[in-house]
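What you see is a predicted model; the values in this text were computed from it and never measured. Letters go in sequence order (proteins before strands), and every chain restarts at 1.
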There are 2 protein chains.
Amino acid sequence: MATIKDVAKAAAVSTATVSAVINDSAYVSPPLRARVQAAIHELKYEPSQMARNLKKGRSELIALIVADLANPFFARMVWAAEAAVAAWGYSLVVFNSDEKPENERKALARIRALSCDGALIVPVGLPAHYAQRDAEGRSFPTVLFGRVVDDRQSDTVTIDNVAAASQVTNYLLDLGHTRIGSITGPLHLTTGRGRLDGMLEAMARRGVAPEPGHVRSGEFREDVAYSVAREMLDRPDRPTALYVANGVMALGVMRALADLSIHCPNDISIASTDTISGIGGLRPRLTRTEHPIIEMTNEALRLLVDRIQRGKDKPPRNVVFQPALVLGESCAPLRRG
Amino acid sequence: MATIKDVAKAAAVSTATVSAVINDSAYVSPPLRARVQAAIHELKYEPSQMARNLKKGRSELIALIVADLANPFFARMVWAAEAAVAAWGYSLVVFNSDEKPENERKALARIRALSCDGALIVPVGLPAHYAQRDAEGRSFPTVLFGRVVDDRQSDTVTIDNVAAASQVTNYLLDLGHTRIGSITGPLHLTTGRGRLDGMLEAMARRGVAPEPGHVRSGEFREDVAYSVAREMLDRPDRPTALYVANGVMALGVMRALADLSIHCPNDISIASTDTISGIGGLRPRLTRTEHPIIEMTNEALRLLVDRIQRGKDKPPRNVVFQPALVLGESCAPLRRG
DNA sequence: AGAATATGGCGAAACGATTAGCTCGGTGTC
DNA sequence: GACACCGAGCTAATCGTTTCGCCATATTCT
């Protein structure tokens, strides 16, 4: 590769002038500028981003750590993040913590080593200090996404999980259901806990409560939801309606229903929270809340880039999005008797 | 951040010694080593990957350009690639060309600027010279994935598309179908062209050919497949079986069938090539070929890392994977009459 | 004993850019 | 004509590492 020195030599100017031409950082007379540009073209010179980064102390890299890359929800987030990051002139480095604190720790170390300019993190959920302050007391630009952890340093972008679950549950209650069950996510995550709380609250407001055994917690995984659903639904006292905590799990539940020959919505009503691409082909269409994941990701990156480019010392901001209820055909009014 | 100089000063040694301690690159006497390590700990020193990279001329970054990040197939590939890359000690920078040559060009430029050590590329399909040789004639380590383009410089990892389509088509023929239609991918891509060719070949071997209007090409997108299917299938002379070129499109076709109240497999048999996660919840289960995307991605990264670490001048290798036919319930024998 | 050989550690030159500070003519003002 | 001022371009220091070559000292060989 040609370096800036080669160009300087070829154009018979100093490296400072070449730099000025490249960056438009100072006035260079037309003849010189032309010579420099000719030399650049001639030598196929491209400035080394690495050298530039070292000097300027930034890397134009933004890191994304997601909790589960195999989950289509987060895959979609990667898609949105790549586009947003590119639009801001950065590149995206992707990490998968796979819900394991250990992997998250490794990724964070790697991010510091690469001197990424900032990080968008779907935390695994342990209370942690993500926005570690360095020696000078400046904190590393960080936006936490989707899950709330006890971190008063970082910006956060989340969805109102309680509201999402309440909306869905109220809809089921309005259809006359009272024997409502739920397959929840992990309860140490706000996305798991909050959705269960929202459901319980909504039921409590109508003076009902789920029966024991009708609320089962699991992981946000298709196969786990499948087995939990098979077990819960293959008995006479099964619920008449089921609230499933996320889209991936809903797929598992639908698969279980098919295997058990339970018809939805005739035999049981199913509703869920959040959505995943590909769910569109499912019949019956699922009644669910949709989360504006693209808008959320864009907003998160707006916050992040703002923190990178403007001050790192602004107070943290917390943006909460509202979910929207979308009706499918997976729920039916309770049949008496 | 503390630098190597600070550490050297604190431990009263030279920076060379600190470097030797960090990298284990030379013998350092126990007392000195201890002093240095103490200083490192004391100052919370972490070597700057950026400075290191500049000096050593590598970045420990591997780039991945996929043709369509919104496609679950490629999302899954990102998942596999992140894991593999991390296992090799690299980090993954993700780009989305969105099937646009212009975006791919930009991504390639960015990759060079970041001095990534290598790139795994799902090419948009234009004949191009990906493994550009630099001034010294060494080519940039590149592996092309999934689609064949005219590039004799790069390693490639692909699937045998013709075989995939043939298998599926033969299965439909064995069920007695002869009025077989197809919704194909873009024919300028080998994944599109090859699958159509495989289907036509298989039919030709049995002395049949699709009727005009029963082969329609589109894009690898759910919505495009949906509208093409609606149009093709909403007429009396519709095919009795349909071969759909990929998983995303199959979802769109199933959606069209539901809207048209055409029952699968009673009224029409559907089969497709490749698979996507989430398709598991679909009923009836799709008869399809499965592509070993994880193994393919792992193999591609093995080739890439090998090329990065061993010679860049080995002759290019081309690995072709074979698809496997997986039977679902979306196909039924032809009903005479 | 003196020469040859090893060995631990240091000094300083890279890597490829940016940028502060300087030089050196040319203008403008009084 | 002397003075300050300005603007284009250059020199050289710097970012934080790695690494080549060198220098003492200690060990071994003849």
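Distances shown here put every side-chain N or O of A:Ser19 at or beyond 4.0 Å from the OP1 or OP2 atom of C:dA17. OP1 or OP2 of D:dC10 lies within a sub-4.0 Å distance of a side-chain N or O belonging to A:Ser14. When the side-chain nitrogen and oxygen atoms of A:Thr17 are compared with OP1 and OP2 of D:dC10, one or more of them lie within a distance under 4.0 Å.
For the pair A:Lys9 NZ and C:dA17 C1', the interatomic distance rounds to 16 Å; values are reported in whole Å. Between the P atom of D:dT17 and the CG atom of B:Asn53 lies a distance of 11 Å, rounded to the nearest Å. As rounded to whole Å, 13 Å separates atom C1' of D:dT19 from atom CZ of B:Arg52. Residue B:Glu60 contributes atom CD, which lies 13 Å from atom C1' of D:dT17 at whole-angstrom precision. For the pair B:Leu54 CG and D:dG16 C1', the interatomic distance rounds to 9 Å; values are reported in whole Å. In this structure, CD1 of A:Ile4 is placed 11 Å from P of C:dT19, rounded to the nearest angstrom. Atom pair B:Met50:CE and C:dA17:P shows a separation of 15 Å (rounding to whole Å applied).
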Before giving the answer on side-chain hydrogen bond (donor to acceptor under 3.5 Å, both in side chains), spell out for B:Asn53 and B:Ser59 the whole-Å C-alpha distance, their side-chain angles and the decisive distance to 0.1 Å.
CA-CA 5 Å; B:Asn53 290 344; B:Ser59 61; 5.6 Å; no

Let me see the working for B:Glu102 and B:Lys100 under salt bridge (Lys or Arg N to Asp or Glu O under 4.0 Å), right down to the final yes or no.
CA-CA 5 Å; B:Glu102 173 61 10; B:Lys100 302 201 181 70; over 6 Å; no

Do A:Phe95 and A:Ile111 pass the side chain to side chain contact (heavy atoms under 4.5 Å, CB included) test, and can you show the C-alpha distance, the side-chain angles, and the key distance before you say yes or no?
CA-CA 9 Å; A:Phe95 297 88; A:Ile111 287 170; 3.7 Å; yes

Can you list the steps and then say if B:Ile4 with B:Tyr45 is a side chain to side chain contact (heavy atoms under 4.5 Å, CB included)?
CA-CA 8 Å; B:Ile4 200 174; B:Tyr45 166 71; 3.7 Å; yes

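Nearest-nucleotide assignment on DNA chain D puts the 5′-proximal partner with A:Thr15, out of A:Thr15 and B:Tyr45.
Interatomic distance, CG of B:Leu301 versus CG of B:Leu64, reported as 8.0 Å (0.5 Å rounding). Expressed to the nearest 0.5 Å, how far CD1 of B:Ile159 lies from CZ of B:Arg147 amounts to 14.0 Å.
Between the base of C:dA17 and the side chain of A:Lys5 there is no donor-acceptor pair shorter than 3.5 Å. The base of D:dT14 sits with one of its N or O atoms less than 3.5 Å from a complementary donor or acceptor on the side chain of A:Lys55.
At the heavy-atom level, B:Gln49 lies nowhere under 4.0 Å from the strands shown.
Using a cutoff of 4.0 Å between basic side-chain nitrogens and carboxylate oxygens, B:Arg317 and B:Asp155 are scored as salt-bridged.
Contacts with DNA chain D (heavy atom under 4.0 Å) in residues 22-42 of chain B: B:Asn23, listed by number.
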